[in-house]
Amino acid sequence: MSVAQIQEFLNSKVGVGRSNSTPGVCDTNGARTSEFGGGTRAQYGASIGHPAPFTCLKDYYEVPKTSPGPGIPASNYGGAPIPAGARSAAQLIYDAGQTYNINPKVLLVKIQKESAGPLTTDDWPLRSQYTYAMGARCPDSGPGGAANCDTNYAGFSIQIAESAALLRYYLNNMSQPWWPYKKLGNNSILFQNSRPECGSSVVNITTMATAALYTYTPYQPNPAALNNMYGTGDACSAYGNRNFWRIYKDWFGSVYAGDYQAQAVGQSPNRTIAPGEAVGIFFKFQNVGGASWKDDTNSAGTFPVHLATSCPVNRASAFSASWPSKERALLNFSRVFEANGATLAADQHTVYPGQIALYEYSVTASPNQAFGKYTECFQPVLEGSQQWHMGVAVSTDITVANPYSPSAFFTSNPNFTMKQNTSREVRISYKNNGTATWKDDVSVLPGEKPVHLATSYPIN
C-alpha cells in the first residue's frame with residue numbers, strides 16, 4: 001500500500017461501527033451524544049479530563065519518536081497546529097512497513113486489535129488512545145493480566161515502528177536454535193494468558209507469519225471465542241489472535257486461493273415499522289475467495305451458501321415470520337451481478353469469484369412486538385461445513401415504532417419574559433414521526449381519538 005492508499009483506507013474507516021456516527025466523518029468537536037452518558041461527547045470528555053476537540057487517526061500528525069525514552073512526541077492532537085517535522089499517521093505506517101518489510105495491512109489490523117477505541121474506527125478518540133496504540137512493549141504482566149507498558153515506548157510513532165520491528169525480529173530469528181518463543185511445528189499455547197488454570201493445547205504452526213503473531217500475542221482463542229466470532233466467549237476466552245484473523249479477512253479478503261470468502265458491498269438503509277408490519281431489506285456480498293458459491297437450487301453434492309443470522313451465530317430472529325427458519329433468512333440468491341454491477345440471468349444460482357450475490361427478503365414485526373430498536377445481524381455461511389467466517393457480519397437496525405410515537409420537537413418561538421396580568425402568544429411546532437394521521441377535535445370521527453396539546457412534567 002502506498003501512503004495515499006493507507007490515507008484513503010483510514011479516511012474510510014473513521015466512524016464505522018458506531019450507531020451514532022457517520023462513516024468517514026470525525027466528530028472533532030464532540031457534538032454527538034456520548035455513548036457513555038453525560039450529554040454530548042464533548043461534555044463527557046471534559047468530565048474525565050479529555051476535553052474536545054478530538055483528532056481522528058486519519059487527521060493525526062506526530063513528530064517521529066525515533067528511539068526509546070521518556071515523554072510523548074509533539075502532535076496536532078486537540079486542534080494544535082501540525083508541528084515542524086511531524087508526519088501523518090498514514091506516512092508513519094508506511095515508513096514502518098518499508099523499514100522493516102512488514103505489510104502495512106498487518107500494521108493497520110494490529111492498530112484495530114490492540115488500541116483502545118479501536119483507534120482506526122473511532123470518530124472521537126481521546127489523546128490517551130494514541131499512547132500505546134500497538135501494545136508494543138506492553139506485556140500482560142500487570143494486575144489481573146493487564147498490560148504493563150514500558151513508558152519509554154509511549155507515543156504513536158514509536159509504537160508503530162516498534163511493532164513492525166518486533167515482527168521482523170521474530171521472523172528473522174525464530175529458526176535459530178536459541179529461539180525461546182513460538183516457531184514452526186507443534187507449540188503448546190495457553191487459552192488465556194492471565195489465567196493458566198484455563199489450560200492450553202498444542203497448535204501446529206505451519207507459517208512463520210502465524211508464529212510471529214503468536215509470539216506477539218502468546219495465547220489462542222478457545223472454542224467459545226471462535227463460536228461467537230464477533231462477540232465474547234467465556235471466562236477462559238482470549239481474542240487477540242482471533243481478532244487479527246477476523247479483521248484482516250473482513251478488511252482485505254481471503255489469503256487462500258480456494259477459500260470461501262465474502263465481502264459486504266451494499267445494503268438497504270435502516271427501517272422503521274409498526275407492530276404487525278413487514279418491510280423489505282437487502283444485502284449484497286461479493287465473492288472475494290477462489291471457490292464458487294451455490295445455493296439450494298443447484299448445490300447437489302456440495303455445501304450451499306445460505307444467509308444466516310449472526311451476532312451470535314444462529315441467533316433466533318424476532319422478525320423471521322416469512323423466512324425458512326428463525327436462523328436462516330434465505331437459502332437461495334435473489335439475484336447475481338457481475339462486479340461492475342451488470343445483472344446476470346434471474347435464474348443463475350452460482351456466484352463465481354468476483355461476482356456479487358443479492359439477498360433480498362422481508363423482516364416482519366409480530367403484532368405484539370415491543371417498541372424499540374433491534375439490531376439484526378447476518379452473514380453468509382457455507383451450510384453443512386459450518387464455515388461461519390466467510391466474511392464480515394453485517395447489520396441493520398429495525399425500529400418498531402408506536403404509530404402514535406412521541407413526536408420530535410420541531411420549532412418554537414424563543415423564550416420570553418412577561419409582566420403580571422399580560423398575555424402572549426406561544427407557537428410550538430411538532431413533527432408527526434409516527435405512521436398514523438393526527439386529527440384534532442374539528443375532524444375526529446366517532447371512535448377516533450383526537451390529538452391535543454397537554455401539560456407535562458409531570459403529565460396533566
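All residue numbers refer to positions in the sequence shown, counting from 1.
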Atom pair OG/CG of S201 and N187 - distance to nearest 0.5 Å: 10.5 Å
Heavy-atom side-chain contact between I158 and R137 under 4.5 Å: no
Donor on one side chain, acceptor on other, Y374 and Q369, under 3.5 Å: yes
Sidechain-backbone polar pair: Q98 side chain, D95 backbone, donor-acceptor under 3.5 Å: no
Side chain to side chain contact (heavy atoms under 4.5 Å, CB included) between F337 and V265, intermediate numbers included: CA-CA 12 Å; F337 302 88; V265 294; over 6 Å; no
Close side-chain approach of D122 to L57, heavy-atom, < 4.5 Å: no
Close aromatic pair by centroid cut-off 6.0 Å: Y181 and Y169: no
Proximity of F285 and W293 rings by center, below 6.0 Å: no
W124 and Y44, any side-chain heavy atoms less than 4.5 Å apart: yes
Main-chain N/O of V3 paired with Q91 side-chain donor or acceptor, under 3.5 Å: no
N/O donor-acceptor pair under 3.5 Å between E62 side chain and S157 backbone: yes
Test side chain to side chain contact (heavy atoms under 4.5 Å, CB included) applied to F333 and T350, step by step: CA-CA 8 Å; F333 312 127; T350 300; 5.8 Å; no
Flag if over 12 foreign heavy atoms under 6.0 Å of OH, Y352: no
Any T28 side-chain heavy atom under 4.5 Å of F54 side chain: no
Residues, nucleotides or ligands: over 12 heavy atoms within 6.0 Å of E338 CD: yes
Gap separating the NZ atom of K110 from the OG1 atom of T217, nearest 0.5 angstrom: 5.0 Å
Distance-minimising heavy-atom pair for C138 and Y132: SG-CD2, 3.9 Å
Least distance between heavy atoms, V25 atom then V14 atom: O-CG1, 3.7 Å
Distance-only donor-acceptor check, side chains E360 and S334, under 3.5 Å: no
Side chain to side chain donor-acceptor pair (under 3.5 Å) between D123 and S21, intermediate numbers included: CA-CA 7 Å; D123 62 343; S21 299; 2.7 Å; yes
Minimum heavy-atom distance between M1 and I6, given as atom pair plus value: CB-CG1, 3.8 Å
Name of the residue among L107, L119, L166 meeting side chain to side chain contact (heavy atoms under 4.5 Å, CB included) with M134: L107
Side chain proximity check, I281 to F319, heavy atoms < 4.5 angstrom: no
Shortest non-hydrogen contact from A42 toward N29: CB-O, 3.5 Å
Polar side chain donor-acceptor pair, R32 to T22, under 3.5 angstrom: yes
Contact summary for A262 and P380, nearest pair of heavy atoms: CB-CG, 4.0 Å
Beyond-backbone contact of P118 with I111, side-chain heavy atoms, under 4.5 angstrom: no
Backbone of D59 reached by a side-chain donor or acceptor of N76 within 3.5 Å: yes
Closest approach of A90 to Q7 (non-hydrogen atoms, all atoms of both residues): CB-OE1, 3.5 Å
Separation of T272 OG1 from K373 NZ (nearest 0.5 Å): 10.0 Å
Under 3.5 Å donor-acceptor, R242 side chain and P221 backbone: no
Main-chain N/O of A316 paired with E327 side-chain donor or acceptor, under 3.5 Å: no
Rounded distance (nearest 0.5 Å) linking atom CG of L10 with atom CG of L108: 6.0 Å
Worked verdict on V363 versus V279 for side chain to side chain contact (heavy atoms under 4.5 Å, CB included): CA-CA 6 Å; V363 290; V279 294; 3.5 Å; yes
Gap separating the OG1 atom of T215 from the NZ atom of K183, nearest 0.5 angstrom: 9.5 Å
Side-chain donor-acceptor pair present, S34, Q43, cut-off under 3.5 Å: no
Polar contact flag, side-chain donor to acceptor under 3.5 angstrom, N241-R246: no
Check: P304 main-chain N/O paired with E383 side-chain donor or acceptor under 3.5 Å: no
Within-4.5 Å side-chain heavy-atom neighbours: N103 and Y248: yes
T55 side-chain N/O to Y60 backbone N/O, donor-acceptor pair under 3.5 Å: no
T210 and T207 side chains, donor-acceptor separation under 3.5 Å: yes
Verdict with supporting geometry, N11 and K58, side chain to side chain contact (heavy atoms under 4.5 Å, CB included): CA-CA 6 Å; N11 293 346; K58 71 181 182 68; 3.4 Å; yes
Distance under 6.0 Å and angle within 45° of ring axis: R127 vs Y77: no
Polar side-chain atom of Q220 near backbone of I189 as donor-acceptor pair, under 3.5 Å: yes
Ring centres under 6.0 angstrom apart (Y361, F378): yes
Backbone N/O of S310 and side chain of R315: donor-acceptor pair under 3.5 Å: yes
Side chain to side chain donor-acceptor pair (under 3.5 Å) evaluation trace for R328 with N314: CA-CA 8 Å; R328 297 292 180 272; N314 282 330; 2.8 Å; yes
Side-chain heavy-atom pair S75, F156 within 4.5 angstrom cut-off: no
From N287 atom CG to S292 atom OG, the distance as rounded to the nearest 0.5 Å: 6.5 Å
Passing candidate, side chain to side chain contact (heavy atoms under 4.5 Å, CB included) with R168, options T99, I102, N173: I102
